[in-house]
Amino acid sequence: MSKINIIRGFADLYSPESALYTLMEDTARRVFGAYGYGELRIPIMEYTELFQRSIGAETDVVQKEMYTFPDRKGRSLTLRPEATAGIVRSYIENNCHAREEISKFFSFGPMFRYERPQKGRMRQFHQIDCECLGAHEPQADAEVLLMLMHFLRDLGLTELQPEINTLGCGECRPAFRKVLSDFLRGLDPESLCENCRRRLETNPMRVLDCKVPSCQEHTAGAPRILDHVCADCADHFSVVRDILDRSSVPYTLNPRLVRGLDYYMRTTFEVVSTAIGAQGSVAGGGRYDGLVSQLGGPEVPGIGFACGMERLALMLADKRTAEQATSAPDFYIAVLDAGATDSALMAAQTMRAAGLAGELSFAAKSLKSQLRQASRLNADYCLMLGQEELAARNIIVKHMGSGEQVAIPLVSLGDWAEIRHDDKLQRQRKGNYL
RNA sequence: GCGGAUGUAGCUCAGUUGGCAGAGCACCUGGUUGUGGCCCAGGGGGUCGUGGGUUCAAUCCCCAUCAUUCGCCCCA
């Protein structure tokens, strides 16, 4: 039979790397919980229209990257490419705005985008997502960003800094778009890269964050959205900046920062790392005041962010956090005769019931290789069990450090394990206070 | 959707101007050891990603295809 492969761009996640994801989730629950956010679990599939109407029908995500297919009754379903749309759908559907003035959610799970996989980019990837709905005040913007940085700091990623910008609102952005468009058309078309010449028609604001150096040079004198937003947007943004200035969180003002999803407005931010390859955007978010009503809900403002777990994991792996998650076992049981395997399992259960951690060899391989395995696992003790020991109702216990060994009656193995377990707890306590 | 790199033992990878397929680790056996990590000797294991082509002969050259990976694009 031929074997069946995993789907391209999907991944099996093994220990110890999987422990990084648990760490991220645990940290998220603790930090976001401290800000009054509750965990929300939503489906990974929605009707396709939800994403078309929220992300934007013209965006690359919707146009080329969604896993969309009909269900058995012909309705178009889509595996979620991001979390905000589903959260807002749920918010509207459950009348959250009528129950509480402000709703704060965090959520994590898999997202799906049909892209070419590369470092830090999978077709099934995972995001941590936070949304604050119901607050239009700029303080909410600042708090969300401070919370994100708090989360990253608690993960040990202290070197990360956010870039921030404002995108204006429905009132002032169209005017800026025109000013920018006029400026770009005034340039020599040859001075822009091929992509930017196309963007000029589809989405002129995207030209601003083009990474091609020559584009950067030629658009250096481009109008800045900061100078063209309306008074309300300017006031809003200056309050956000003022709070950040007064907090201890450093940030960079990046007037060229724009967002790929259509629903963003006003405050926008992104955390980029240069340490993990080309896909360096670790987290991104911003305000989306029109989205709830656009999806058929009430006029409720919102702000939030998404954080890419694969990219965080790349940075955490650099810090060797994964190794800390795994600990050495207390024992390993070597089986000297095949007939002793079930007794070895019972012995292991006795040890585990007493609080010790360890494994047994299921196969009665040579003692040499089993002892080697015990030292490879860095076990404290190796227990040996064969026909001879069974006949004597004993088990041989060998301390791997000193090499000392004793025969312990099988009936009192539990007592022995309990003593060992108490010793271990004492050592740990001592270690903590020292 | 577009480019570059890679695909050889369970794992990490050498290799041949085209001529019987290699190492380290792992595994197994034996020796040494106070039944153990080191060391020594031996052993098992490979349709050289897949399908075509060129050739007396292809793992090597050519074409196609699949997979992995790094970029472009896009995004978290």
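Naming: A, B, ... by sequence-line order, numbering from 1 per chain. The figures here come from the full heavy-atom set of this structure, side chains too, leaving out hydrogens, waters and symmetry mates.
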Student: For a quick test of your reading: what N or O donor-acceptor pairs under 3.5 Å do the side chains of residues 375-383 of chain A make, sequence neighbours left out?
Tutor:
unit_1, atom_1, unit_2, atom_2, d
A/Ser375, OG, A/Leu371, O, 3.2
A/Ser375, OG, A/Arg372, O, 3.0
A/Arg376, NE, A/Gln373, OE1, 3.3
A/Arg376, NH2, A/Gln373, OE1, 3.0
A/Tyr381, OH, A/Arg420, NE, 3.1

Student: Between A/Val397 and A/Phe331, is there a side-chain heavy-atom distance shorter than 4.5 Å?
Tutor: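 Not in contact.
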Student: For A/Gln279, answer base if it contacts any base atom (sugar-phosphate contacts may also be present), sugar-phosphate if it contacts only those atoms, and nothing otherwise; contact means non-hydrogen atoms under 4.0 Å.
Tutor: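 Since a base atom lies under 4.0 Å of A/Gln279, the category is base.
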Student: It should be established whether A/Arg121 places a side-chain nitrogen or oxygen under 4.0 Å from OP1 or OP2 of nucleotide B/rC74.
Tutor: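 Negative; the distance criterion is not met.
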Student: Say you pick atom C1' in B/rA26 and the same atom in B/rC11; how far apart are they, in whole Å?
Tutor: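 Here B/rA26 and B/rC11 have their C1' atoms 7 Å from each other.
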Student: Starting from P on B/rG71, measure out to NZ on A/Lys119 and report it in whole angstrom.
Tutor: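 Distance, rounded to whole Å: 6 Å.
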Student: Taking all heavy atoms of A/Met24 and all of A/Phe151, pick out the closest pair and write down the distance.
Tutor: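 It is O-CE1, 3.6 Å.
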Student: Any base atoms under 4.0 Å from A/Glu82, or only sugar-phosphate, or nothing? Heavy atoms, all strands.
Tutor: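 The answer is nothing, as A/Glu82 stays clear of every strand by at least 4.0 Å.
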Student: Do A/Lys368 and B/rG31 share a donor-acceptor pair, side chain to base, under 3.5 Å?
Tutor: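 Check passes, donor-acceptor contact within cut-off.
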Student: Return each pair, listed once, that meets side chain to side chain donor-acceptor pair (under 3.5 Å) where at least one residue sits in residues 387-399 of chain A; pairs must be two or more places apart or across chains.
Tutor: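 Non-adjacent pairs meeting side chain to side chain donor-acceptor pair (under 3.5 Å): A/Lys398-A/Gln405, A/His399-A/Ser402.
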Student: Look at the side chain of A/Glu115 and the base of B/rC73, then say whether one donor and one acceptor between them are separated by less than 3.5 Å.
Tutor: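 No.
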Student: Going by the side-chain contact (heavy atoms from CB on, under 4.5 Å) test, name the single residue among A/Leu145, A/Leu148, A/Ile243, A/Leu146 that passes it with A/Val249.
Tutor: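 In the set A/Leu145, A/Leu148, A/Ile243, A/Leu146, the residue that makes a side-chain contact (heavy atoms from CB on, under 4.5 Å) with A/Val249 is A/Leu146.
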Student: Hey, is the side chain of A/Arg311 pairing donor to acceptor with the base of B/rC75 inside 3.5 Å?
Tutor: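 Present.
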Student: Counting side-chain heavy atoms from CB outward, which of B/rA76, B/rU69, B/rU35 is closest to A/Leu371?
Tutor: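 So the nucleotide nearest the side chain must be B/rU35.
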Student: So A/Ile396, base contact, sugar-phosphate only, or nothing? Heavy-atom distance under 4.0 Å.
Tutor: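 Result for A/Ile396 = base.
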Student: Suppose you measure atom C1' in B/rG49 against the same atom in B/rU59; what distance do you get, rounded to whole Å?
Tutor: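 Looking at atom C1' only, B/rG49 and B/rU59 are 12 Å apart.
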Student: Using a strict 4.0 Å threshold on nitrogen-to-oxygen distance, state whether A/Lys178 and A/Asp182 make a salt bridge.
Tutor: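 Yes, A/Lys178 and A/Asp182 are salt-bridged.
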Student: Is the phosphate of B/rA76, meaning OP1 or OP2, less than 4.0 Å from a side-chain N or O of A/Arg259?
Tutor: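 It does, given that an N or O in the side chain of A/Arg259 lies less than 4.0 Å from OP1 or OP2 of B/rA76.
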Student: Check this for me: does the side-chain of A/Arg206 come within 3.5 Å of the base of B/rC73 through a donor and an acceptor?
Tutor: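 Donor-acceptor pair under 3.5 Å: no.
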Student: May I ask you to say what A/Phe125 touches in the nucleic acid, namely base, sugar-phosphate or nothing, with a heavy-atom cut-off under 4.0 Å?
Tutor: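 The answer is base, as A/Phe125 lies within the cut-off (heavy atoms under 4.0 Å) of a base atom.
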Student: Name every donor-acceptor pair, under 3.5 Å, that has one atom in a side chain of residues 342-349 of chain A and the other anywhere in the protein, sequence neighbours excluded.
Tutor:
unit_1, atom_1, unit_2, atom_2, d
A/Gln349, OE1, A/Arg352, NH1, 2.8

Student: Give the rounded distance in Å between these two atoms: CZ of A/Arg80 and C1' of B/rA76.
Tutor: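 After rounding, the gap between these two atoms is 13 Å.
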Student: Any N/O pairs under 3.5 Å between the protein and nucleotides 2-6 of chain B? List them or say none.
Tutor:
unit_1, atom_1, unit_2, atom_2, d
B/rC2, N4, A/Arg116, NH1, 2.4

Student: Between A/Arg241 and A/Leu253, is the side chain to side chain contact (heavy atoms under 4.5 Å, CB included) condition met? List the steps.
Tutor: CA-CA 9 Å; A/Arg241 289 185 61 186; A/Leu253 182 65; 3.4 Å; yes
Student: For the pair made of CG in A/Asn378 and C1' in B/rG37, what is the distance, rounded to whole Å?
Tutor: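 One finds 11 Å between C1' of B/rG37 and CG of A/Asn378, rounded.
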Student: Grab the N/O contacts between the protein and nucleotides 41-45 of chain B below 3.5 Å, and write none if there aren't any.
Tutor:
none

Student: For the residue pair A/Val207 and A/Thr219, what are the closest heavy atoms and their distance?
Tutor: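 Shortest heavy-atom contact: CG1-CG2, 4.2 Å.
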Student: Return each pair, listed once, that meets salt bridge (charged side-chain N to carboxylate O under 4.0 Å, His left out) where at least one residue sits in residues 116-132 of chain A; pairs must be two or more places apart or across chains.
Tutor: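 Of all non-adjacent pairs touching residues 116-132 of chain A, those that pass salt bridge (charged side-chain N to carboxylate O under 4.0 Å, His left out) are A/Glu115-A/Arg121.
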Student: With sequence neighbours left out, what residues match A/Pro174 under side chain to side chain contact (heavy atoms under 4.5 Å, CB included)?
Tutor: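 By the side chain to side chain contact (heavy atoms under 4.5 Å, CB included) rule, A/Pro174 matches no residue at all.
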Student: Does any pair with a residue in residues 274-296 of chain A pass salt bridge (charged side-chain N to carboxylate O under 4.0 Å, His left out), and if so which ones, sequence neighbours excluded?
Tutor: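 For residues 274-296 of chain A, and leaving out neighbouring residues, the salt bridge (charged side-chain N to carboxylate O under 4.0 Å, His left out) pairs sorted by first residue read A/Asp141-A/Arg287, A/Arg287-A/Asp289.
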Student: Taking atom OH as the centre, does A/Tyr21 end up with more than 12 heavy-atom neighbours from other residues, nucleotides or ligands that are less than 6.0 angstrom away?
Tutor: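 More than 12 heavy atoms, drawn from other residues, nucleotides or ligands, come within 6.0 Å of this atom.
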Student: Heavy atoms only, 4.0 Å cut-off, all strands: where does A/Arg113 land among base, sugar-phosphate and nothing?
Tutor: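 It contacts base atoms.
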Student: Report the C-alpha distance between A/Arg89 and A/Tyr47 in whole Å, list the side-chain angles of each, state the deciding distance to 0.1 Å, and finish with yes or no for side chain to side chain contact (heavy atoms under 4.5 Å, CB included).
Tutor: CA-CA 10 Å; A/Arg89 187 229 84 227; A/Tyr47 288 118; over 6 Å; no
Student: May I ask you to say what A/Gly285 touches in the nucleic acid, namely base, sugar-phosphate or nothing, with a heavy-atom cut-off under 4.0 Å?
Tutor: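 Nothing: the residue A/Gly285, judged by heavy atoms under 4.0 Å, touches no strand.
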Student: Kindly express the pairing pattern of RNA chain B in dot-bracket notation, using | wherever a base pairs with another strand and counting only Watson-Crick or G-U pairs under 3.5 Å.
Tutor: (((((((..((((.....[..)))).(((((.......))))).....(((((..]....))))))))))))....
Student: Name all residues meeting the salt bridge (charged side-chain N to carboxylate O under 4.0 Å, His left out) criterion together with A/Arg206; count only those two or more places apart in sequence or in a different chain, and write none if there are none.
Tutor: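 Scan of A/Arg206 (salt bridge (charged side-chain N to carboxylate O under 4.0 Å, His left out), adjacent residues dropped) gives A/Asp209.
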Student: Please list, chain by chain and in numerical order, all residues satisfying ring-ring contact (aromatic ring centres under 6.0 Å, His included) with A/His236, sequence neighbours excluded.
Tutor: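 Here no residue qualifies.
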Student: A/Gly120 or A/Tyr114: which one's nearest nucleotide on RNA chain B is closer to the 5' end?
Tutor: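 The residue mapped nearer the 5' terminus is A/Tyr114.
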Student: What is the distance, to the nearest angstrom, from the CG atom on A/Asp209 to the P atom on B/rC74?
Tutor: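 In whole Å, B/rC74 P lies 8 Å from A/Asp209 CG.
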Student: Write down the distance separating the P atoms in B/rC73 and B/rU17, rounded off to the nearest Å.
Tutor: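 Pairwise P distance, B/rC73 against B/rU17, rounds to 41 Å.
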Student: For B/rG19 and B/rA58, measure between their P atoms and round to the nearest Å.
Tutor: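 After rounding to an integer number of Å, I get 11 Å for this pair.
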Student: Using atom CD of A/Glu310 as one end and atom C1' of B/rC75 as the other, report the distance to the nearest whole Å.
Tutor: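 Rounded to the whole Å, the gap is 13 Å.
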Student: Determine whether A/Leu180 and A/Leu208 make a side-chain contact, defined as any pair of heavy atoms from C-beta on separated by less than 4.5 Å.
Tutor: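 The answer is yes; the side chains approach within 4.5 Å.
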Student: Rounding to an integer number of angstrom, what distance separates B/rG22 and B/rU65 when you compare their P atoms?
Tutor: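 B/rG22 and B/rU65 have their P atoms separated by 34 Å.
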Student: Base, sugar-phosphate or nothing for A/Met400? Non-hydrogen atoms, less than 4.0 Å.
Tutor: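 It contacts base atoms.
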Student: When the P atoms of B/rG30 and B/rG37 are compared, how many Å lie between them, rounded to an integer?
Tutor: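 Approximately 15 Å lies between the P atom of B/rG37 and that of B/rG30.
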Student: Looking only at atom P, what distance separates B/rA64 and B/rA57, rounded to whole Å?
Tutor: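 Comparing P positions in B/rA64 and B/rA57 gives a spacing of 23 Å.
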Student: Between A/Gln118 and B/rU69, does any side-chain N or O lie under 4.0 Å from OP1 or OP2?
Tutor: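 For B/rU69, neither OP1 nor OP2 has a side-chain N or O of A/Gln118 closer than 4.0 Å.
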Student: Between B/rC60 and B/rC48, how many Å separate the two P atoms, rounded to a whole number?
Tutor: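 Approximately 9 Å lies between the P atom of B/rC60 and that of B/rC48.
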Student: Produce the list of close N/O pairs, under 3.5 Å, pairing protein atoms with atoms of nucleotides 25-28 of chain B; give distances to one decimal.
Tutor:
unit_1, atom_1, unit_2, atom_2, d
B/rC27, OP1, A/Arg376, NH2, 2.8
B/rC27, OP2, A/Arg372, NH1, 3.4
B/rC28, OP1, A/Ser369, OG, 3.3

Student: With respect to the side chain of A/Asp60, which nucleotide from B/rA76, B/rU69, B/rC73 is positioned closest?
Tutor: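 Per side-chain heavy atoms of A/Asp60, the pick is B/rC73.
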